Amino acid sequence: MVDPVVVRAAPSPTGDPHVGTAYVCLFNYALRTKRGGRFILRIDDTDRTRYNADSERKIIEELAWLGLTFDEGPETAGADGPYRQSERTAIYREAVQTLIDSGAAYRCDCTKERLDEVRAAQRARKEQPRYDGHCRERSVAPDAPHVVRLKVPRDGETSFLDGLRGTITIANSTVDDQVLLKTDQHPTYHLATVVDDHAMGVTHILRAEEWINSMPKHVLLYKAFGWDIPQHFHLPLLRNPDRSKISKRKNPTSITWYRENGFLPEALLNFLALMGFSLGDDQEEFTLDEFVAAFEPDAIKTSAPVFDLTKLEWLNGVYIRKTPAPVLAAKLVAISPMAAAADRTLLEAIVPLIAERMKRLTEFEDLCDFFFVDKIEPRYDDLIPKKRTETNTAAVLRAARDVVANSETLTPETLEASLRALGEEVSWKPRELFMSVRFAISGKKVTPPIIESMCLLGKAECIERLDDAIDVLGDPENPILAAPSS
RNA sequence: GGCCCCUUCGUCUAGCGGUCUAGGACGUAGCCCUCUCAAGGCUAAGACACGGGUUCGAUUCCCGUAGGGGUCACCA
């Protein structure tokens, strides 16, 4: 029996819920579910200028849509709250005081202007832009506006363990005296994350790779506080097709976008898992449970995967096909006004015809609109097969109309048999007959299987549409007898 | 640019020293099936970045080089 873990996700409520957040959450969720323990949602809202009031709610909603659930968070009471960092300022202030008292941090009242000048000068000298330590040995009064900075050793190096990469060592000379507490008295990420992870008993930190270079600051903080360092695993960043860090300019990044564009949560989750983990055995399709069972944190990939929307679409199609019709119908209703307005029984009957034709649920409307309109207006040219004439086509469609009219009830088997028999009779290839009928019934070239579609549409509606098509071809009052084309 | 991370088909990957004339998936092309489109089946093209080591033997281990990425904020 392995020890339970405490993991967390710490999204920042500054915008739309990000797929990167879902990606990181998935791996945290997997570890917590595999090992037992707790998964905490902590809202990192320490940047009050970028704060977006809707964002937190959206993040929680979209993660819930994906099926990634938390044991503790702003909306799930637990023993480690509050779960918004903006509500924990007293904790950080106290922590900062400890650091100042021990000499690990210091107050700084340098103005933005001075900082800019210093950095500009450093850049001009081709040096690393960084804080020059101006306030390191000064004593800045606590009652005047100031920030608190971490006093990073000038030399030496800091090593830490990454669960995926082993020991990483970074020279302290490349680490800046990071601001820990901002002028507005809110902490920066670095302080808040270390303080909270410790306070909440976090044992494993699975987060994005972009934090690796910040690790020395965090290690220094853990040491200054005298705290144990949780195990860290830095996940590779999801990438745009050009291999840069995934961004909304180059790739959809909002989870909301994926939901609204007809992606299934199971498919997105499966795909994200594939981006960072391999089940081996060439197994690419798996459930969340199967992923969790196979998951081992130290087997997470280190190389950065390109987020390939095309492959996601394929996988989404796989999931659509394996979703039971009633469930798929419900999902369509949730996303498509046309599906929502449709008769539910009819919708559920249509679903099996289109399930294998959709990569996204949003394709439903294009595929099925002809079921829900009153009148089809087939184009003259579409109705007449190549090498057939107007009069001949009108006659054949009239015969098809009669086939329908003479049927007791429309069933796929009998309708197909009679239409094929008709085709034979008039020497039309099945392909020609069905295409002409398809245009008459749907007005379009690509549809679900037309026989089944006609059965769902109903006898009366089919007769009406065939009559309309015959009208398009010529004078209905002047019937033309069926005649062989050659 | 400094530092850090990464490096197998276009993309996602399997491979953990001999099983590799390198396997699978997406995509692409062709064929089959077929009432359209799909789905499905079959086939094809397509990769170990490069150079040194280590070793009887490197895709696999080590070191360089190159390439890609990240990071250098009172943003996370």
Side-chain angles (χ1 to χ4, degrees), chain A residues 10-14 44-47 49-50 108 110 112 115-116 119 123 126-131 145-149 162 164-165 168-171 173-176 178-190 192-193 207-216 234 236-237 239 241-245 271 274-285 301-315 317-318 321 353-359 363 367 416 419-420 423 429-439 442 444-453:
Chain A
S12 190
T14 53
D44 192 337
D45 57 352
T46 56
D47 184 342
T49 59
R50 291 204 304 156
C108 166
C110 291
K112 182 175 184 305
L115 259 20
D116 288 345
R119 289 188 187 119
R123 258 187 280 268
K126 301 206 161 158
E127 289 173 17
Q128 278 297 98
R130 50 170 294 173
Y131 184 62
H146 65 274
V147 300
V148 175
R149 288 180 183 275
D162 176 273
L164 307 180
R165 288 163 261 259
I168 296 173
T169 301
I170 295 177
S173 60
T174 66
V175 183
D176 207 353
Q178 180 63 234
V179 169
L180 300 175
L181 200 67
K182 300 181 266 193
T183 309
D184 67 2
Q185 296 296 288
H186 283 281
T188 56
Y189 171 87
H190 308 281
T193 197
R207 72 199 337 174
E209 188 178 27
E210 54 192 336
W211 294 111
I212 286 183
N213 288 314
S214 298
M215 269 301 283
H234 290 95
L237 260 16
R239 302 294 183 85
D242 68 1
R243 297 209 171 270
S244 55
K245 168 162 100 170
F271 182 72
L274 238 26
M275 295 282 88
F277 197 82
S278 170
L279 265 61
D281 296 340
D282 301 322
Q283 190 185 355
E284 296 204 294
E285 299 161 28
K301 292 295 141 28
T302 51
S303 51
V306 170
F307 191 100
D308 182 358
L309 198 55
T310 304
K311 184 154 183 174
L312 203 211
E313 286 189 322
W314 160 76
L315 193 57
V318 170
R321 271 170 256 141
L353 302 184
I354 57 165
E356 67 196 28
R357 293 174 167 74
M358 292 189 292
K359 289 203 287 259
E363 290 169 70
L367 229 35
E416 177 163 8
L419 283 178
R420 280 183 186 280
K429 293 178 189 142
R431 174 194 195 83
E432 294 175 300
L433 211 214
F434 288 122
M435 271 320 280
S436 192
V437 169
R438 183 188 319 284
F439 276 114
S442 72
K444 53 199 348 181
K445 184 175 191 297
V446 175
T447 70
I450 200 61
I451 302 288
E452 284 83 348
S453 297

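Numbered from 1 within each chain, the chains take letters A, B, ... in sequence-line order. Hydrogens, waters and symmetry mates are skipped; everything else that's a heavy atom, side chains included, is used. Predicted, not measured: the structure shown is a model, and the values here were computed from it.
At least one donor-acceptor pair closer than 3.5 Å links the side chain of K182(A) to the backbone N or O of T46(A). Under a 3.5 Å cut-off, the side chain of R130(A) and the backbone N or O of S173(A) do form a donor-acceptor pair. With hydrogens and angles ignored, the 3.5 Å screen pairs a side-chain donor or acceptor of D176(A) with a backbone N or O of Y131(A).
For R50(A), the salt bridge (Lys or Arg N to Asp or Glu O under 4.0 Å) test picks out D47(A), with sequence neighbours left out. Scored by the side chain to side chain donor-acceptor pair (under 3.5 Å) test, S436(A) finds no partners at all (sequence neighbours excluded). Listed by chain and number, the residues in a side chain to side chain donor-acceptor pair (under 3.5 Å) with E452(A) amount to none (sequence neighbours excluded). Annotation: side chain to side chain donor-acceptor pair (under 3.5 Å) contacts of K112(A) (sequence neighbours excluded): D116(A).
Residue contacts shown for L274(A) are limited to sugar-phosphate atoms, with no base heavy atom under 4.0 Å away. In this structure, M358(A) reaches neither bases nor backbone, as no heavy-atom distance under 4.0 Å exists between it and the strands shown. At the heavy-atom level, E452(A) lies under 4.0 Å from base atoms of the strands shown. P241(A) comes within contact range of no nucleotide atom at all, as no heavy-atom separation falls under 4.0 Å. Contact annotation for R438(A): base contact, defined as any heavy-atom pair under 4.0 Å involving a base atom.
Only the C1' atoms considered, G2(B) is 44 Å distant from A45(B), to the nearest whole Å. If you take atom P in C31(B) and the same atom in A38(B), they sit 14 Å apart, rounded to whole Å. If you take atom P in U21(B) and the same atom in G64(B), they sit 30 Å apart, rounded to whole Å. Comparing G1(B) with A58(B), their C1' atoms are spaced 36 Å from each other, to the whole Å. Nucleotides U7(B) and A47(B) place their C1' atoms 12 Å apart, quoted to the nearest Å. A distance of about 11 Å separates the P atoms of G10(B) and A49(B), rounded to the whole Å. Taking atom P on both C56(B) and G51(B), the two are 22 Å apart, rounded to the nearest angstrom. One P atom belongs to C3(B), the other to U65(B), and the distance between them is 11 Å to the nearest Å.
Here the side chain of P449(A) is nearest to one of C4(B), U36(B), U7(B), namely U36(B).
Distance SG/C110(A) to NE2/H146(A): 12.5 Å, rounded to 0.5 Å. Atom CG in L309(A) sits 7.5 Å away from atom CZ in F271(A) (nearest 0.5 Å). Taking CD1 of I450(A) as the reference point, atom CG of L353(A) lies at 10.0 Å (rounded to 0.5 Å).
By the 4.0 Å N-to-carboxylate-O rule, R165(A) lies close enough to D162(A) to be salt-bridged with it.
Nucleotide C33(B) holds its P atom 13 Å from the CZ atom of R431(A), rounded to whole Å. Taking atom NZ of residue K126(A) and atom C1' of nucleotide C3(B), one finds them 18 Å apart after rounding to whole Å. The CG-P distance, from L353(A) to U36(B), rounds to 15 Å in whole Å. In this structure, the CZ atom of F271(A) is 7 Å from the C1' atom of C12(B), given to the nearest Å. For K444(A) and A38(B), the NZ to P distance is 15 Å, given to the nearest whole Å. In this structure, I212(A) places its CD1 atom 16 Å from P of C3(B), rounding to the nearest Å. We find that CD of E356(A) is positioned 12 Å from P of G41(B), with the value rounded to whole Å. Distance L433(A) CG to U34(B) P: 17 Å, rounded to the nearest Å.
Shown here, G70(B) forms a base pair with C3(B); the pair counts as Watson-Crick or G-U wobble because both key distances fall under 3.5 Å. The partner of U11(B) is A25(B), judged by Watson-Crick or G-U wobble contacts that both fall below 3.5 Å.
If you find the closest nucleotide of RNA chain B to K301(A) and to P430(A), the one lying nearer the 5' end belongs to K301(A).
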For each nucleotide in nucleotides 69-76 of chain B, reading 5' to 3', give B when a protein heavy atom comes within less than 4.0 Å of its base, S when such contact involves only the sugar-phosphate, and - otherwise.
-> SBSBSBBB
Show me the protein contacts with nucleotides 25-28 of chain B, counting only N or O atoms at under 3.5 Å.
unit_1: A25(B); atom_1: O4'; unit_2: E284(A); atom_2: OE1; d: 3.0
unit_1: A25(B); atom_1: O2'; unit_2: E284(A); atom_2: OE1; d: 2.5
unit_1: A25(B); atom_1: N3; unit_2: K311(A); atom_2: NZ; d: 3.0

